[in-house]
There are 2 protein chains.
Amino acid sequence: MHYKQAYKPPTLTVDAVLFQLVDDQLMVLLTRRAEEPFKGEWALPGGYSPEGQTTIQALASIVKRKVGLDITADLRYIEQLYTFDTIARDPRGHAVSVTYMGCGYAITTVGGSQFAEWHPVDQLPTLAYDHADIIAYARERLSAKLAYTNAAMGLLDKKFTLSQLQTVYEAVLGRELDKRNFRKKFLNLELIRETSEVWKGGAHRPAKLYAFNSDSPETLSRSFD
Amino acid sequence: MHYKQAYKPPTLTVDAVLFQLVDDQLMVLLTRRAEEPFKGEWALPGGYSPEGQTTIQALASIVKRKVGLDITADLRYIEQLYTFDTIARDPRGHAVSVTYMGCGYAITTVGGSQFAEWHPVDQLPTLAYDHADIIAYARERLSAKLAYTNAAMGLLDKKFTLSQLQTVYEAVLGRELDKRNFRKKFLNLELIRETSEVWKGGAHRPAKLYAFNSDSPETLSRSFD
DNA sequence: GCAAAAGTGTTTGGGATACACCCATGC
DNA sequence: GCATGGGTGTATCCCAAACACTTTTGC
């Protein structure tokens with residue numbers, strides 16, 4: 001593409017905030033930077049988004065290469081979050097970052113060219129660039145989405161118990177919920193259905209397994225909580 | 001900025017969906033394209049976003065130049081909407097567009113290097129690029145924001161009557177609301193305050209003027225409607 | 001039998017909805 | 001005095017919140 005006047009676009013990058021629950025805690029995937037700038041610091045997985053690829057395509061190949069995670073196979077949900085574009089956010093020069101937020105369940109396949117680790121979203125280390133802001137924004141968005149969509153699906157197995165569902169809500173919202181009210185409200189939304197299976201999880205009464213009625217993102221007419 | 005490997009970013013553009021009410025109708029500002037591609041068709045105001053400027057800075061100068069509108073002075077509100085990045089959206093080559101949604105009140109200053117006109121959002125002409133999608137997305141976002149923020153502020157004068165406020169809600173949501181319930185609910189939100197002034201708008205009882213308590217965007221704890 | 005999580009109902013208060021008439025002004 | 005929009009109250013229903021005990025299993 002060429003232009004009548006001289007035109008130079010900023011660098012375009014992509015970054016992903018990837019969530020999953022580990023031990024009932026909301027975790028985010030971070031990589032340790034091997035090079036300057038911010039060498040040795042923690043950062044979100046991300047990289048350059050070149051001409052000829054959509055940002056999500058670029059993100060998919062970067063995430064696969066750097067942290068060994070397949071965003072279609074390993075994630076249950078991903079959406080565009082926001083585009084961060086302040087001039088000084090990258091010390092090397094002006095870089096505009098299109099960010100994504102994704103959710104998964106029991107992801108263990110992490111391991112690529114960069115060292116990566118899941119960190120509790122409530123106890124993050126110092127982060128490179130403006131990545132702390134990006135994570136804060138993603139967490140807020142996810143909280144909001146729990147209330148009016150079936151986004152909790154992203155953090156659960158295909159079949160799950162009501163207690164596991166409640167754990168997702170509690171971990172993301174950061175507060176405890178009443179078990180009876182939670183079940184009543186959620187079952188009223190007609191978002192999930194009972195399956196015939198049960199979960200035998202230990203030395204206690206087995207729990208019924210439920211599944212979401214729809215595999216795709218849904219917006220609720222009346223919102224939850 | 002230079003790179004270890006060859007890296008070429010896509011073109012970065014900005015586009016704005018600007019709303020205002022005219023005759024109780026929600027209108028969006030469109031320009032008529034003077035050149036190929038899509039010569040003669042209607043499009044959103046927008047243009048290239050160069051290195052060294054944030055997208056909102058680039059948008060401000062483009063909108064000022066092309067349609068003669070000052071986004072700080074003429075608009076009451078603007079926010080980033082979404083980044084559209086499909087490869088084929090611009091026939092000239094891969095162009096990623098960071099889009100914004102803005103609202104104003106009684107804007108009459110339109111007139112720049114491009115012919116521009118306000119169009120009812122419910123009766124749009126054929127639009128260039130993917131701009132119809134962008135407008136649909138903006139309208140949805142604005143609808144949603146009316147429910148849980150003070151975004152209606154953006155489409156009103158600093159002081160307004162409750163009927164004018166209700167008109168904003170009806171125009172954006174696209175349905176009629178009950179006057180008594182609307183007033184009760186809105187006054188309960190403690191988002192607006194009565195002023196001592198009244199509006200004498202014609203051959204009928206004068207209406208009390210109200211003002212928003214806060215000039216800046218606010219999110220409500222309990223949502224409206 | 002005991003530890004551990006699953007499962008279950010009722011009461012109360014507040015907001016949502018539906019609905020119709022009088023009031024203040026200009027002309 | 002009449003046309004025009006401004007302004008007001010009540011009854012009903014449903015949802016949200018608070019709250020504690022019994023059930024089923026593994027060991």
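- Which of D:dG9, C:dA4, C:dG7 sits closest to the side chain of A:His204 comes down to C:dA4.
- Place B:Thr161 and B:Asp178 on DNA chain D by their nearest nucleotides, and B:Thr161 ends up nearer the 5' end.
- No close placement of the B:Tyr129 and B:Phe84 rings is indicated, their centers lying 6.0 Å or farther apart.
- If you measure from atom CG of B:Leu165 to atom P of D:dG7, you get 12 Å, rounded to the nearest angstrom.
- Nearer to the 5' terminus of DNA chain D, by closest-nucleotide assignment, is the contact made by B:Arg205 (compared with the other of B:Arg205 and B:Leu187).
- B:Thr54 and A:Asp85 are not linked by any side-chain donor-acceptor pair at a separation below 3.5 angstrom, with hydrogens and angles left out of the test.
- With hydrogens and angles ignored, a donor-acceptor pair under 3.5 angstrom links the side chain of A:Lys179 to the base of C:dG7.
- Shortest non-hydrogen contact noted between B:Arg139 and B:Asp122 is NH1-OD1, 2.9 Å.
- Side-chain atoms of A:Asn188 and base atoms of D:dC15 include no donor and acceptor less than 3.5 Å apart.
- The nearest whole Å value for the distance from the CG atom in B:Leu220 to the P atom in C:dG15 is 14 Å.
- With hydrogens and angles ignored, no donor-acceptor pair closer than 3.5 Å exists between the side chain of B:Lys185 and the base of C:dT17.
- Between the CZ atom of B:Arg180 and the P atom of D:dG7 there is a distance of 15 Å, given to the nearest Å.
- Rounding to whole angstrom units, CZ of residue A:Phe182 and P of D:dC15 are separated by 17 Å.
- Between atom OH of residue B:Tyr100 and atom CD of residue B:Glu79 there is a gap of 10.0 Å, rounded to the nearest 0.5 Å.
- The side chain of B:Ser163 places an N or O atom within less than 4.0 Å of a non-bridging phosphate oxygen (OP1 or OP2) of D:dG6.
- Rounded to an integer number of Å, the gap from CD of B:Gln166 to C1' of D:dG5 is 12 Å.
- What separates CG of A:Leu162 from C1' of C:dG7 is a distance of 9 Å, to the nearest Å.
- Between A:Phe160 and A:Phe212, the gap from one ring centroid to the other is short of 6.0 Å.
- Among the nucleotides C:dG7, D:dT24, C:dG26, the one closest to any side-chain atom of B:Ala203 is C:dG26.
- Atom pair B:Leu177:CG and C:dA18:C1' shows a separation of 14 Å (rounding to whole Å applied).
- A straight line from CD of A:Gln164 to P of C:dA5 spans 13 Å, rounded to a whole angstrom.
- Taking 3.5 Å as the limit, the base of D:dT10 and the side chain of B:Lys184 contain a donor-acceptor pair of atoms between them.
- OP1 or OP2 of D:dG7 lies within a sub-4.0 Å distance of a side-chain N or O belonging to B:Arg183.
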